[in-house]
Amino acid sequence: MKKICVLGNFSGRNAGDAAILGCLLKDVSERYENALFEIPTINTNFVRNSYSEYNIKPISLLPWNLSAKILGVPVFRSTLNADLVLSTDAILFDRRLYNPLFNYLWTLSIVLPMVKKRGIPFALYNSSLGPIKTNSGAACLKRVVSSADLVILRDKVSLELMKKLDFTHPNVIEGADCALNSEPVDDQEFERIKEKEGLFESGRPTIGININSYVDKYVSQSGQSFGRDNLTTLYARTVDRLVKDLDVDILFVETQHMDLGIAFETLSKIKNRTRVKLISNKIYSYRQICSVLKRLDLFVGMRTHSLIMASAMGVPVAGINTYPKNRGYMQTIGMDGNLIEFKDLSIDAFFDLIKGVYESKETHRDKMLPLVEQEKNKAAGSADHLKKIFT
């Protein structure tokens, strides 16, 4: 049996990360039926329970296993004894570079050259690179990229970063985000969720909303920040206008546990509270969330994977440009005109953006769907490229 070690952030706190792993397991296991997937994680129960249909072995990264999250014996042992190592998602950035409780890049820049030296094939699999803002981070990223037999990147931002840092590699492939091929649960399970949460009862259209606790941390400049209180107030006032002027219901969809605090702060400021509901991945799986997203008329997101999952369900999307990868993804699916920058953000501007997309949602959907389908095919097809380095 072939052992495949999958490196990523699979704690169960982020629905996007959970979707990435679920779709990767599906795509790769279809090509390699005899594979055993070793998955380093701080939450073995989440991995074991969420992906039980696949041949998996969660590898605990908790301290009593001699590990400080990714830095420690479990990751070194799993990677150096694997038949194939895959690194996915967006874990290769240099923020808090030397803190293994937060950052993967420094640790992987140590272990992956050892993997290469041992002759074990390694692929960056539908990955993002960066952001990289330091010379030390660039050096670490170069060691990771140089260790890869195959570099499959999910966005143009990563390709541009390689060019900026003057990185070259003989085997770079344009992939796409694994989470694009998320599948919703069946209608029967959706109906249970709908009944439990009281969703879509009024018959009115529903607009999905997502808010992110990072606010503008990744895009603020010169020490100027939009501010958490300003953002929650803006969201609340915008929601009240949407309810009043468009006669819609609002559903907050939170895909990361840490965002629930700011979501509840926003809800507390909304006047038309009876027209607003919330679901999150604290209770529901990514597939269950996708089944709800599929029924929305429009989705307005801050987190990249909330936009990815909504668009994958065929829902037109708009949002705030909180990360470079937001713009990169929205450009890819032809929806970058539906993003607003923090510097332009006001209640009027945000409302006008959402209203404009909502009123022409069918046009946006028709433009978006063929491009999303292309990305889905690229994401799934990445598993075929592994045959170049792994048999």
Do side-chain atoms of [X] reach the backbone of [Y] as a donor and acceptor pair under 3.5 angstrom?
X      : Y      : value
Asn55  : Ala35  : yes
Asp336 : Arg327 : no
Asn103 : Arg95  : yes
Ser382 : Lys378 : yes
Asn326 : Ile320 : yes
Asp259 : Ser213 : yes
Gln288 : Ser285 : yes
Asn281 : Tyr284 : no
Lys376 : Ala312 : yes
Ser146 : Arg143 : no

If two hydrophobic side chains count as joined below 4.5 Å and joins carry through other members, does [X] share a cluster with [Y]?
X      : Y      : result
Tyr51  : Leu36  : no
Leu84  : Phe76  : no
Ile347 : Leu339 : no
Ile110 : Val73  : no

Does atom [atom1] of [X] have more than 12 heavy-atom neighbours from other groups under 6.0 Å away?
X      : atom1 : result
Asp166 : CG    : no
Arg77  : CZ    : no
Glu30  : CD    : yes
Lys367 : NZ    : no
Lys388 : NZ    : yes
Glu53  : CD    : yes
Asp366 : CG    : yes

Can you check whether [X] reaches [Y] side chain to side chain, under 4.5 Å on heavy atoms?
X      : Y      : result
Val115 : Leu80  : yes
Leu86  : Leu386 : yes
Ile152 : Ser127 : no
Leu231 : Ile211 : yes
Leu141 : Asp94  : no
Ile250 : Leu242 : yes
Leu61  : Thr41  : no
Val276 : Leu267 : yes

Evaluation steps, side-chain contact (heavy atoms from CB on, under 4.5 Å), between Met302 and Tyr235: CA-CA 12 Å; Met302 285 182 71; Tyr235 257 72; 3.2 Å; yes

Hey, are [Y] and [X] close enough side-chain-wise for a donor-acceptor pair under 3.5 Å?
X      : Y      : result
Tyr286 : Glu183 : no
Ser11  : Asn43  : no
Lys325 : Ser128 : no
Thr233 : Asn230 : no
Thr206 : Asp249 : no
Tyr329 : Ser311 : yes
Asn272 : Arg275 : no
Thr232 : Glu265 : no
Asn126 : Thr88  : no

Would you call [X] and [Y] a salt bridge, taking side-chain N to carboxylate O under 4.0 Å as the test?
X      : Y      : answer
Glu160 : Lys163 : no
Arg31  : Asp384 : yes
Asp240 : Lys269 : no
Lys156 : Glu174 : yes

I need the minimum non-hydrogen distance between [X] and [Y], along with the two atoms involved.
X      : Y      : value
His169 : Val145 : CD2-O, 3.4 Å
Ile91  : Gly8   : CD1-CA, 4.1 Å
Leu7   : Pro40  : CD2-CG, 4.0 Å
Phe299 : Leu296 : CD1-CD1, 3.9 Å
Gly328 : Val157 : CA-CG2, 4.2 Å
His364 : Met335 : O-CE, 3.6 Å

task: Determine, step by step, whether Glu195 and Arg192 satisfy the salt bridge (charged side-chain N to carboxylate O under 4.0 Å, His left out) criterion, reporting the C-alpha distance in whole Å, the side-chain angles of both residues, the deciding distance to 0.1 Å, and the verdict.
output: CA-CA 5 Å; Glu195 181 178 354; Arg192 287 196 294 268; over 6 Å; no

query: Pick from Asn210, Asp177, Asn14, Thr255: which one makes a side-chain hydrogen bond (donor to acceptor under 3.5 Å, both in side chains) with His305?
result: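 When side-chain hydrogen bond (donor to acceptor under 3.5 Å, both in side chains) is applied between His305 and each of Asn210, Asp177, Asn14, Thr255, only Asp177 qualifies.
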
Result block: side-chain N/O donor-acceptor pairs under 3.5 angstrom for residues 15-24, not counting sequence neighbours:
none

query: Quick one: does NZ or CZ of Lys361 land under 6.0 Å from the six-membered ring centre of Tyr358, within 45 degrees of the ring axis?
result: yes

task: Identify whether NZ of Lys or CZ of Arg in Arg295 sits under 6.0 Å from the centre of the six-membered ring of Phe190 and within 45° of that ring's axis.
output: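 Yes, a cation-pi geometry.
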
Aromatic ring proximity Phe264/Phe252, centre distance under 6.0 Å: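 Centroid distance Phe264-Phe252: not below 6.0 Å, so no.
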
query: About how many Å separate SG of Cys140 and CH2 of Trp106, when rounded to the nearest 0.5 Å?
result: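 Interatomic distance, Trp106 CH2 to Cys140 SG, rounded to 0.5 Å: 8.5 Å.
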
- request: Could you tell me how the ring of Tyr32 sits relative to the ring of Phe390: parallel (under 30°), tilted (30 to 60°) or perpendicular (over 60°)?
  value: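 Tilted, since the angle between the ring planes falls between 30° and 60°.
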
Working for side-chain contact (heavy atoms from CB on, under 4.5 Å), residues Thr304 and Leu307: CA-CA 5 Å; Thr304 309; Leu307 295 167; 5.5 Å; no

Working for side-chain contact (heavy atoms from CB on, under 4.5 Å), residues Leu92 and Val144: CA-CA 9 Å; Leu92 302 175; Val144 170; 4.1 Å; yes

- request: List the steps, then state whether side-chain contact (heavy atoms from CB on, under 4.5 Å) holds for Leu298 with Val300.
  value: CA-CA 7 Å; Leu298 170 67; Val300 184; 4.2 Å; yes

